[in-house]
Amino acid sequence: MKIFLAILPLLLVAGFGILSIMSPKEIEEIEVLNNNHSVNFNLSSSTLPFPVLAIQTLPQSNETKVLNISKPWVNSTDPLNDPLNETELWLNSTDPLNDPLNETEPWVNSTDPLNETEVFNISKSWLNTTDPLNETEIFNISKPWLNNTDNSLNETYVPPPKIKQQRKFSILDRTEAGLLQARNAIREAINSSQTQDPDYVPIGPMYWNPKAFHRSYIEMEKQFKVFVYEEGEPPVFHNGPCKDIYSMEGNFIHTIEMNDQFITKDPQKAHVFFLPFSVVMLVHYVYIRDSHDYGPIRKTVTDYIDVISGKYPYWNRSLGADHFMLACHDWGPDTSSFVPYLEKNAIRVLCNANTSEKFNPAKDVSFPEINLKTGLMKGVLGGPSASKRSVLAFFAGGLHGYIRGILLDHWENKDPDMMVQRYLPKGVSYYEMLRKTKYCLCPSGYEVASPRVVEAIYTVEVSVKDIPKLKDILMRISPSQYIRMQRRIGQVRRHFEVHSPPKRFDVFHMILHSVWLRRLNFKVHDDDQ
């Protein structure tokens with residue numbers, strides 16, 4: 001009781017003090033509110049020292065702001081007394097330069113009052129904010145590409161172009177560039193003057209285009225490189241016959257492996273890759289005679305391709321397109337068929353160049369079959385002049401194929417001018433008969449390959465239906481025409497001659513040149529291109 005009596009004067013002083021500091025106008029307003037808006041809280045007016053009134057929000061002046069405390073971003077102030085968007089207050093953005101807002105999508109409008117350059121983020125407008133007073137920019141840290149700090153850009157953001165890092169040229173790139181240069185040089189040579197050569201200048205109708213051929217041959221000598229796989233053991237690999245009808249297989253294999261001009265020990269610098277197996281040796285050492293089982297040959301060739309493709313990247317890089325094999329045996333095409341890419345993509349150098357057995361002149365090479373019984377061409381070349389050749393035509397061979405049957409039926413031992421026989425009598429030399437004869441007959445057997453084509457280098461073609469008229473056709477060729485053909489044969493004969501060591505433009509170089517031409521027809525790419 002004493003305590004209450006002690007604080008009562010303080011309460012009375014505080015009450016009257018509050019009333020005393022109010023202006024008369026405020027007191028009048030309070031009285032009006034008391035009369036109109038008093039609220040009954042079930043308390044008497046005598047309980048408190050002054051009336052309890054309901055809270056009334058006073059009319060807002062220009063200095064009073066109504067803020068949303070929980071969502072401050074909803075608050076928007078219009079310093080120019082422009083009306084706010086009543087339905088979606090947060091869509092309104094103040095334009096200090098009185099520019100009209102985007103009525104359909106107002107949130108995309110943002111103006112920099114300093115330089116009037118507008119920078120927008122259409123998808124996330126809240127990322128675009130600039131403090132016009134101190135030019136402090138708010139950046140998107142997680143997606144920095146959304147930040148535009150270059151005020152010189154227009155409204156549409158264009159990302160800077162990516163600078164592609166230039167790839168370094170590889171050895172293969174330089175190799176292909178050299179081939180491209182060679183192709184251009186060959187094309188230009190067609191219409192240019194003839195290139196001089198100390199050994200031989202090809203001229204005449206025997207060539208499709210002598211100047212292009214000559215330039216191509218020179219380009220081959222300048223840059224063509226062959227890599228010979230070292231895998232494999234003789235007698236099937238790195239070996240071949242050199243003294244029989246299939247002698248060109250062994251001759252080429254031995255010559256290419258001993259050659260310093262075209263061989264490279266670095267496979268990265270090679271234009272082509274040689275598969276050094278001999279089909280003749282496969283037939284002789286792997287195939288079981290009369291078994292009709294090609295399985296052992298198939299397995300040998302397949303395993304070899306698996307070995308070199310697993311050890312080196314080059315077979316898989318081109319799927320065999322820059323690899324080549326060769327075969328004089330009739331089974332050459334069948335042997336290549338055991339590996340699909342070997343038959344389809346690789347360059348096949350074949351004596352049996354038969355299109356009916358999938359020989360493709362666009363990628364494959366015709367391999368001349370030369371019967372070197374002694375391993376050399378001694379005694380094979382040369383002969384008397386045309387006036388000293390007493391026999392008009394000559395043929396000696398077995399009954400292989402239906403064309404030979406027709407020839408033998410019409411001409412075997414029936415005319416002394418037409419020396420057509422199955423087998424020569426004892427003591428008669430085959431090559432001596434060739435020297436006495438003006439024309440060597442070359443009827444095809446079971447296959448298209450025959451050494452007679454090289455031995456005679458024939459110049460007259462006769463259809464099968466004209467075989468009965470063969471003598472008349474040959475007799476109608478005048479002596480002057482015959483001498484002209486014979487001279488042309490002598491000119492191109494150098495391309496079919498075998499030499500050890502090889503000579504320019506001989507058969508070894510011409511086989512390589514044919515492979516070179518096929519390699520010019522395509523481009524090999526690195527795996528990463």
Side-chain angles (χ1 to χ4, degrees), residues 204-207 245 248 351 353-354 366-373 377-425 427-498 507 510:
M206 304 81 66
Y207 303 98
I245 194 173
M248 286 306 297
C351 287
N354 195 341
S366 178
F367 194 18
E369 186 174 313
I370 304 176
N371 189 0
L372 298 176
K373 293 185 177 181
M377 297 201 74
K378 184 179 180 180
V380 177
L381 302 176
S385 62
S387 61
K388 296 180 180 180
R389 295 176 181 263
S390 57
V391 179
L392 180 64
F394 167 70
F395 171 78
L399 186 60
H400 301 157
Y402 79 100
I403 295 179
R404 293 188 181 186
I406 297 174
L407 177 67
L408 291 169
D409 287 343
H410 282 87
W411 297 105
E412 185 179 13
N413 298 320
K414 292 181 179 179
D415 191 316
D417 292 332
M418 305 287 290
M419 294 290 293
V420 178
Q421 302 174 10
R422 295 195 184 192
Y423 302 102
L424 288 175
V428 178
S429 170
Y430 180 83
Y431 289 103
E432 286 299 324
M433 285 301 301
L434 286 178
R435 289 187 176 91
K436 294 179 181 179
T437 305
K438 291 182 178 179
Y439 299 97
C440 175
L441 304 180
C442 304
S444 63
Y446 292 119
E447 304 294 350
V448 298
S450 173
R452 294 178 182 84
V453 176
V454 177
E455 292 164 350
I457 314 181
Y458 68 98
T459 56
V460 180
E461 293 184 3
V462 179
S463 64
V464 176
K465 65 182 180 61
D466 292 331
I467 289 178
K469 307 174 185 177
L470 182 58
K471 184 176 180 179
D472 295 337
I473 293 173
L474 297 178
M475 291 293 292
R476 286 199 297 267
I477 298 174
S478 65
S480 60
Q481 183 179 358
Y482 176 84
I483 293 174
R484 184 166 56 252
M485 291 189 299
Q486 191 181 46
R487 287 175 178 173
R488 291 172 181 173
I489 290 174
Q491 185 177 351
V492 300
R493 188 183 69 183
R494 69 177 66 241
H495 301 316
F496 297 89
E497 295 177 359
V498 178
V507 67
M510 294 305 296

Can you pull the salt bridge (Lys or Arg N to Asp or Glu O under 4.0 Å) pairs that have at least one residue in residues 402-413, sequence neighbours excluded? Glu412-Arg422
Heavy atoms only: give me the nearest [X]-[Y] pair and the separation to one decimal.
{"X": "Leu408", "Y": "Val420", "answer": "CD2-CG1, 3.8 Å"}
{"X": "Leu392", "Y": "Lys471", "answer": "CD2-CG, 3.9 Å"}
{"X": "Pro468", "Y": "Val464", "answer": "CD-O, 4.3 Å"}
{"X": "Ser444", "Y": "Glu447", "answer": "CB-O, 4.1 Å"}
{"X": "Asp417", "Y": "Asp415", "answer": "N-OD1, 2.8 Å"}

Pair Leu441, Leu470 - check side chain to side chain contact (heavy atoms under 4.5 Å, CB included), show working. CA-CA 10 Å; Leu441 304 180; Leu470 182 58; 3.8 Å; yes
Go through the steps to decide whether Met248 and Val498 satisfy the test side chain to side chain contact (heavy atoms under 4.5 Å, CB included), and finish with yes or no. CA-CA 9 Å; Met248 286 306 297; Val498 178; 3.9 Å; yes
Pick from Tyr430, Trp411, Tyr431: which one makes a ring-ring contact (aromatic ring centres under 6.0 Å, His included) with Phe394? Tyr430
May I ask you to decide whether Glu497 forms a salt bridge with Arg494, counting only side-chain N to carboxylate O separations under 4.0 Å? no
Working to the nearest 0.5 Å, report the span between [atom1] of [X] and [atom2] of [Y].
{"X": "Asn371", "Y": "Met377", "atom1": "CG", "atom2": "CE", "result": "10.5 Å"}
{"X": "Phe395", "Y": "Met419", "atom1": "CZ", "atom2": "CE", "result": "13.0 Å"}
{"X": "Ile473", "Y": "Ile467", "atom1": "CD1", "atom2": "CD1", "result": "9.5 Å"}
{"X": "Phe496", "Y": "Met510", "atom1": "CZ", "atom2": "CE", "result": "7.5 Å"}
{"X": "Gln486", "Y": "Arg493", "atom1": "CD", "atom2": "CZ", "result": "10.0 Å"}
{"X": "Lys469", "Y": "Arg476", "atom1": "NZ", "atom2": "CZ", "result": "8.5 Å"}

Spell out, as yes or no, whether a donor-acceptor pair under 3.5 Å connects the side chain of Arg389 to the backbone of Pro384. yes
Looking only at atom types and distance, does a side-chain atom of Thr437 sit under 3.5 Å from a main-chain N or O of Cys440, one as donor and one as acceptor? no
Is the number of heavy atoms from other residues, nucleotides or ligands under 6.0 Å of Lys436 NZ greater than 12? no
Let's go through Val492 and Arg488 carefully: what are the C-alpha distance in whole Å and the side-chain angles of both, what is the deciding distance for side chain to side chain contact (heavy atoms under 4.5 Å, CB included) to 0.1 Å, and is it a yes or a no? CA-CA 6 Å; Val492 300; Arg488 291 172 181 173; 6.0 Å; no
Hey, mind stepping through Arg487 and Gln491 against side chain to side chain contact (heavy atoms under 4.5 Å, CB included) and telling me if it holds? CA-CA 6 Å; Arg487 287 175 178 173; Gln491 185 177 351; over 6 Å; no
For Tyr482, give me all partners under ring pair (Phe, Tyr, Trp, His ring centres under 6.0 Å), at least two apart in sequence or on another chain. Tyr439
